[in-house]
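As structure tokens, the structure follows; a few thoughts come after it.
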Amino acid sequence: MSFINKIRKLICHRQYINPIVDENIYQSLEHSYSGGSLSESNLLIVTNIPISEDLILTIQKNENVSISVLSINGELSREDIVSASKELIGPFTHIVNLYRKDESMSLLTASGEYPKTDDMYRVYQWLQEEVSYLVPLEQYATICTAFISDDSDYSFVLKKNMEMLALSLGDVLANHSIINNGIIASNKVKLVDILQTALFMSSKYGQILGGAIHLQ
């Protein structure tokens, strides 16, 4: 052994880190998009899109998850979230936002001014209320926001902003054990495919996909 190696052995020590592996064994669910990792948890879907009851029942069965749906065309309140959880055992630990671009909104108003309320504001406001609900719980949780766009110039700007919103909040919320990510989807993608992707993004297997993925 060389002199340098002897010195290194005397003053250095090994550091062991835990591997990025989830050792939990989840329930085997053949049709699950979350690999069973959402099983027996409570999921809240906040949306401005009509969702059929059959689709919700199918997800509940495939994922073994309890689901509440909040249909919101404006602002979300913390009281809305609490009320939606009253019929469930325990709080929500997973939230999925399904937001379709409002066709009545644009970059500028008819008078040429920037609107005080727009799609970006609405999504951010939803996230604010959801975070204010989850943080005091002091437990692991996820938020996945799916923004459904069209081919307008306004949507081009929104998609970039939504992507940066998901990326920036992901870093901050990680400090509170909240995993935040997102999906940017074309309006040509079927709603069921968007929702199933959101379930994967909320799962133990999809959480590593930070920022926002694109579905065309």
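These numbers were taken from a predicted model, which means no experiment stands behind them. Just the heavy atoms: all of them, side chains too, but no hydrogens, waters or symmetry mates, feed the values below.
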Problem - Whether Tyr99 side chain and Trp126 backbone form a donor-acceptor pair below 3.5 Å - result: no

Exercise for the section: Group every Ile, Leu, Val, Met, Phe, Trp and Tyr by side-chain heavy-atom contacts under 4.5 Å, then state whether Val96 and Ile49 land in the same group. Expected result: yes

Completion exercise
Separation between NZ (Lys160) and CG (Leu165), nearest 0.5 Å, reads 15.0 Å

Problem - Phe156 CZ: over 12 foreign heavy atoms closer than 6.0 Å - result: no

Exercise for the section: Please tell me if the side chains of His214 and Glu163 come closer than 4.5 Å, counting only heavy atoms from C-beta onward. Expected result: yes

Fill in the blank from the handout: Paired with Tyr133, the side-chain contact (heavy atoms from CB on, under 4.5 Å) test is passed by just one of Val135, Leu137, Val131, namely Leu137

Problem - Arg100 (side chain) donor-acceptor with Thr47 (main chain) under 3.5 angstrom - result: no

Fill in the blank from the handout: Rounded to the nearest 0.5 Å, the OG1 atom of Thr145 sits from the CE atom of Met162 at a distance of 8.5 Å

Exercise for the section: Determine, step by step, whether Leu173 and Leu134 satisfy the side-chain contact (heavy atoms from CB on, under 4.5 Å) criterion, reporting the C-alpha distance in whole Å, the side-chain angles of both residues, the deciding distance to 0.1 Å, and the verdict. Expected result: CA-CA 10 Å; Leu173 295 180; Leu134 292 173; over 6 Å; no

Exercise for the section: Report the distance from atom CZ of Phe147 to atom CE of Met120, rounding to the nearest 0.5 Å. Expected result: 9.0 Å

Practice task
Measure the CG-CD1 distance between Asn97 and Ile183 for me, rounded to the nearest 0.5 Å.
Solution key: 10.5 Å

Practice task
For residues Ser149 and Lys159, report the shortest heavy-atom separation together with the two atoms involved.
Solution key: OG-CD, 3.4 Å

Exercise for the section: Mind checking the CD-CG spacing from Glu63 to Leu43? Nearest 0.5 Å is all I need. Expected result: 9.0 Å

Practice task
Output all residues satisfying side chain to side chain contact (heavy atoms under 4.5 Å, CB included) with Ser41, sequence neighbours left out; order by chain, then residue number.
Solution key: Leu38, Val65, Thr93, His94

Problem - Hphob cluster co-occupancy, Leu55 + Ile45, side-chain heavy atoms under 4.5 angstrom - result: yes

Handout entry: Path from Tyr140 to Tyr205 over hydrophobic side-chain contacts below 4.5 Å
Key = no

May I have the list of side-chain donor-acceptor pairs in residues 184-200 shorter than 3.5 Å, sequence neighbours left out?
from, atom 1, to, atom 2, distance (Å)
Ser186, OG, Lys188, N, 3.1
Gln196, OE1, Tyr33, OH, 3.2
Thr197, OG1, Asp193, O, 2.8

Exercise for the section: Taking all heavy atoms of Glu129 and all of Ser77, pick out the closest pair and write down the distance. Expected result: OE1-C, 3.8 Å

Fill in the blank from the handout: Nearest heavy-atom contact between Asn180 and Ala166 is ND2-O, 3.1 Å

Problem - Minimum heavy-atom distance Val172-His176, with the two atoms named - result: O-CD2, 3.9 Å

Problem - Common cluster, Leu215/Leu167, ILVMFWY with side-chain heavy-atom separation under 4.5 Å - result: no

Problem - Asp80 and Ser83: side chain donor to acceptor below 3.5 Å - result: no

Problem - Those residues that, when tested against Ser66, pass side chain to side chain contact (heavy atoms under 4.5 Å, CB included) (two or more places apart) - result: Asn42, Leu88

Practice task
Measure the spacing between OG1 of Thr58 and NZ of Lys61 and express it to the nearest 0.5 Å.
Solution key: 8.0 Å

Problem - For the student: nearest non-hydrogen atoms of Lys204 and Ser37, plus distance - result: N-OG, 3.1 Å

Exercise for the section: Flag the pair Lys101 and Asp119 as a salt bridge only when some basic side-chain nitrogen lies within less than 4.0 angstrom of an acidic carboxylate oxygen. Expected result: no

Exercise for the section: Spell out, yes or no, whether Ile143 and Ile179 are grouped together once hydrophobic residues are joined by side-chain heavy atoms under 4.5 Å, including indirect joins. Expected result: no

Fill in the blank from the handout: Tightest non-hydrogen contact, residues Ile213 and Met201, listed as CD1-SD, 3.9 Å

